[in-house]
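Each residue takes its place number in the sequence, starting with 1. The analysis underlying the following values was restricted to heavy atoms, covering all of them including side chains, and did not include hydrogens, waters or symmetry mates. Source: prediction; values computed, not measured.
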Amino acid sequence: MQKSSSRRKLKNLRSAKSTGQKQKGWRRWLSSLFPNKPAPTTLLRRELLQRKEPEQSTSTLLASKARDELPSTKHRVFIIWSLLIAAGIGLGINLYHLQIVSGPKLTQKARNQQMVNLRPFMPRRPVVDRNSNVLAIDRPVYTLYAHPKLFEKSAEQIAQQLASILDQDQIDIEKKFQGKRSGITLATGIPEENADRIASLHLNGLELIQKYSRFYPEQDLVAEVVGYVNIDRRGQAGVEYSQEKMLERSVQMVRLSRAGNGSLMPDHAPDGFLHFDDLQLQLTIDSRLQRVARSALKQQMEKFHAKRGTVIVMDAWDGSLLAMVTQPTYNPNEYSKADISLFKNWTVADLYEPGSTFKPLNVAIALETGAIEPNNVFKDPGFIRVTDRIIKNAENKRYGRLNIAQIIQYSSNVGMVQIMQKIQPSVYYGWLQKLGLGQSVYTDLPFAVSSQLKSQEEFVSVPIEPATTSFGQGFSLTPLQLMQMQAALANGGKLVMPHVVRGLVDSKGQMHYSPNLSVPTQIFSPATSQKVVEMMETVVDDGTGKASQIAGYRIAGKTGTAQKARGSGGGYITDAYITSFLGILPVESPRYVVLALVDEPKGKNAFGGTVAAPIAKSVMEALITIEQIPPSKPMSQASEH
């Protein structure tokens, strides 16, 4: 009995313990659902005590409370779903904005990142002379880099192989190799043929990088006309500067796509975008005549130890320049080594007083105005007084009675003053302006400066001004402008535009573009022009220009030995002269004008007729051969004369 009673007690204890554990489990579960609220059992007890209601089982109350909490759970789920839906709507709106509203803009932005705009390199157009001889051209050149860390041969062996090709000392090359392990510049501007020789050596550690460089095959022959381009391939002088637009080939920007690794892909490149025209800039210059002119000029400059000189040859019919030489000059292939003052073509950029070479133009003015007749005679006593000044002839010579042709032949200053005194100063001044004095000559060569002429008020009111102007002093111009004026005597009285550009031609010689030249201005009548040319012939036949005579040809000319004006302060430099000779041929049908000018020759016999005339003769002889000018008279008559 006692055993069974004990067993029942033990069973009841186990049941109670089990029930207590179950109740504790419910509490934990409810607490997890409602962590911020008192346990539901506690709430139930409170309610039972307050209301004094009958006790209910704990499980019944919990079930009831759980049912009361269901609306709160649904509310939370609703909030969560609302947030998810709102996020989805926001994402949709953002996608709509990206795809529809900003789509084109973003597409273009992405395309810009994938595409690159490039301007393909286009070689500059070549420059050729009138016979299509190349004067300037773009050619590939190479820069040689060394990377000693990649050498498979000794530095000594590689230096030995490169020395003869690079024209460098082997020891110097070895020293460069010792400088650093990579990226050593051994040489620049290597011609393609030498680069091919280097490549044929198959030496590891050498790198050739190609680029294009402007090359001038004739070196200094036409430097004053052609000019040069700098390291940025921009013209800095000559036609390289003035004709930049014609020399640059037009090229459009090309859009190319990039691959993932950044390399360019040709799939978007237009067809033929690397092709370019074969046009070249053709000049009026004749290299053969240019070479003769330079040689003759250098010879006389060396003989008389002159400072500088120039030779210009013009076809007076259209103003085209067949030769233009200045000395000293420079090699445009090595312009960085030259004196920068040589880059300026002083035939268009420097002024000088022309002296006696201007006298034929003054005679033409006097004839055109009717102030004189060709057969008028003037008395030359060797001097003439103008107000308080006394004007004399060169070397104080007196010539007595002279006609107009003899005044030119003997270069009489006194006779010229008397001729121009027959014209009112205001009228004379107007004619000087018609010739272009006080203005710059219109030409296709760059940096032309304006000539200088006194003001009209001073010229008219001060008698000495027209007097000195009559024999080429008191005003200044450029050698090219004097050529333009003298050409008016050779072409029937017209001022033509001096120019060196003929136009753009293709490889077959077909002209594609010709520049528009200014319309010639009629200054003198053909009769007056021809009469003055015939007067100038006496200078060559019997006057100071005998050194320019060529057997069988009638040549007109005028020598000049002008005092050199000071740069500032007025007056003239002692024992400093500019000697010159201007020739026109052939007299019976004038067409070509040649000017030879030498600045500051030294020596007692340094005059226009002794220094400049022989230069002009050499040039005219070459011109006769090149242009095939027929003789003016039979050779037998010429020799008898």
Side-chain angles (χ1 to χ4, degrees), residues 124-139 213-230 233-244 246-247 280-299 301 308-315 319-350 443-448 478-480 483 498-505 515 592 594-597 615 618-619 622-623 626-627:
R124 199 174 174 90
R125 288 191 175 108
V127 180
V128 299
D129 74 355
R130 68 173 185 164
N131 298 311
S132 298
N133 296 309
V134 176
L135 304 177
I137 192 171
D138 277 5
R139 67 167 184 173
S213 175
R214 198 66 162 168
F215 179 59
Y216 303 91
E218 299 292 349
Q219 300 184 11
D220 64 352
L221 181 64
V222 203
E224 51 277 277
V225 176
V226 175
Y228 71 98
V229 297
N230 62 10
R233 298 177 55 78
R234 293 295 177 188
Q236 300 298 300
V239 296
E240 291 277 28
Y241 176 85
S242 65
Q243 307 303 313
E244 184 86 35
M246 282 212 286
L247 289 169
Q280 46 198 5
L281 184 68
Q282 187 172 52
L283 305 183
T284 60
I285 298 293
D286 190 304
S287 296
R288 298 168 296 177
L289 194 61
Q290 186 87 355
R291 189 171 287 105
V292 171
R294 188 173 298 283
S295 176
L297 177 62
K298 288 176 67 175
Q299 182 178 346
M301 285 181 61
R308 61 180 181 175
T310 184
V311 176
I312 307 174
V313 181
M314 178 190 284
D315 184 339
S320 59
L321 299 177
L322 307 183
M324 175 176 274
V325 171
T326 60
Q327 192 67 30
T329 186
Y330 65 98
N331 183 351
N333 293 313
E334 300 176 341
Y335 67 87
S336 60
K337 300 178 181 179
D339 182 346
I340 59 173
S341 65
L342 299 178
F343 299 153
K344 175 183 66 175
N345 184 344
W346 66 275
T347 65
V348 298
D350 282 0
T443 178
D444 50 16
L445 290 166
F447 314 126
T478 63
L480 186 63
M483 281 289 289
H499 63 278
V500 295
V501 175
R502 184 168 176 262
L504 289 176
V505 299
Y592 301 102
V594 178
L595 173 65
L597 188 151
I615 299 173
S618 298
V619 174
L623 182 64
I626 291 171
E627 294 296 312

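Taken to the nearest 0.5 Å, the CG atom of Asp339 stands 10.5 Å off from the NZ atom of Lys344. Interatomic distance, Leu597 CG to Thr326 OG1, rounded to the nearest 0.5 Å: 11.5 Å. The CG atom of Leu135 lies 7.5 Å from the CG atom of Leu221; values are rounded to the nearest 0.5 Å. With rounding to the nearest 0.5 angstrom, the CD1 atom of Ile312 is 4.5 Å from the CE atom of Met324.
Applying the side chain to side chain donor-acceptor pair (under 3.5 Å) criterion to Arg308, with sequence neighbours excluded, gives Asp350, Asp599. Annotation: side chain to side chain donor-acceptor pair (under 3.5 Å) contacts of Glu240 (sequence neighbours excluded): Arg124, Arg214, Tyr216. Checked against side chain to side chain contact (heavy atoms under 4.5 Å, CB included), Leu504 has the following partners two or more places apart in sequence or in another chain: Arg125, Met246, Leu279, Leu281, Tyr513. Judged as a side chain to side chain contact (heavy atoms under 4.5 Å, CB included), and not counting sequence neighbours, the contacts of Val128 are Val134, Gln280, Gln282. Every residue two or more places apart in sequence or in another chain that forms a ring pair (Phe, Tyr, Trp, His ring centres under 6.0 Å) with Tyr335 is listed here: Tyr228. For Thr478, there are no side chain to side chain donor-acceptor pair (under 3.5 Å) partners two or more places apart in sequence or in a different chain. Legend: residues meeting side chain to side chain contact (heavy atoms under 4.5 Å, CB included) with Asp315, ordered by chain and number and at least two apart, are Trp317, Asp318, Ser320, Arg591, Tyr592. Taking Glu627 as the reference, Arg130 meet the salt bridge (Lys or Arg N to Asp or Glu O under 4.0 Å) condition, with sequence neighbours excluded. Here Thr329 pairs with Asp220, Ala223, Glu224, Arg294, Gln327 under the side chain to side chain contact (heavy atoms under 4.5 Å, CB included) rule; sequence neighbours left out. Scored by the side chain to side chain donor-acceptor pair (under 3.5 Å) test, Ser336 finds no partners at all (sequence neighbours excluded). Partners of Asp129 by salt bridge (Lys or Arg N to Asp or Glu O under 4.0 Å), not counting sequence neighbours: none found.
Looking at every heavy atom in both residues, Ala448 comes nearest to Thr443 through CB-CG2, 4.2 Å. Pairing each heavy atom of Pro332 with each of Gly227, the nearest pair is CB-O, 3.6 Å. The minimum heavy-atom distance between Gly309 and Met301, with the atom names listed, is N-SD, 3.7 Å. The minimum heavy-atom distance linking Pro328 with Leu342 is given by the pair O-CD2, 3.7 Å. Taking both residues in full, the closest heavy atoms of Gly235 and Tyr241 are given as O-CD1, 3.2 Å, listed atom of the first, atom of the second, then distance.
Looking at Leu595 and Pro479, their side chains come closer than 4.5 Å, going by heavy atoms from C-beta outward. Taking 4.5 Å as the limit, every side-chain heavy atom of Trp346 sits out of range of all side-chain heavy atoms of Ser341. Proximity of Asp444 to Pro515: side-chain heavy atoms (C-beta onward) are nowhere separated by under 4.5 Å. Side-chain atoms of Val292 and Leu623, non-hydrogen and from C-beta on, never get closer than 4.5 Å to each other. Using a 4.5 Å heavy-atom cutoff, the side chains of Leu321 and Leu445 are in contact. For the pair Asn131 and Ser287, the minimum side-chain heavy-atom distance is 4.5 Å or more.
Sparse packing is recorded around CD of Gln299, with 12 or fewer heavy atoms of other residues, nucleotides or ligands lying under 6.0 Å away.
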| Can you check side-chain contact (heavy atoms from CB on, under 4.5 Å) on Arg233 and Asp138, steps first, answer last? | CA-CA 10 Å; Arg233 298 177 55 78; Asp138 277 5; 2.3 Å; yes
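Panel note: side chain Asp286, backbone Leu322; no donor-acceptor pair is recorded below 3.5 Å. In this structure, Thr310 contributes its side chain and Val325 its backbone to a donor-acceptor pair below 3.5 Å.
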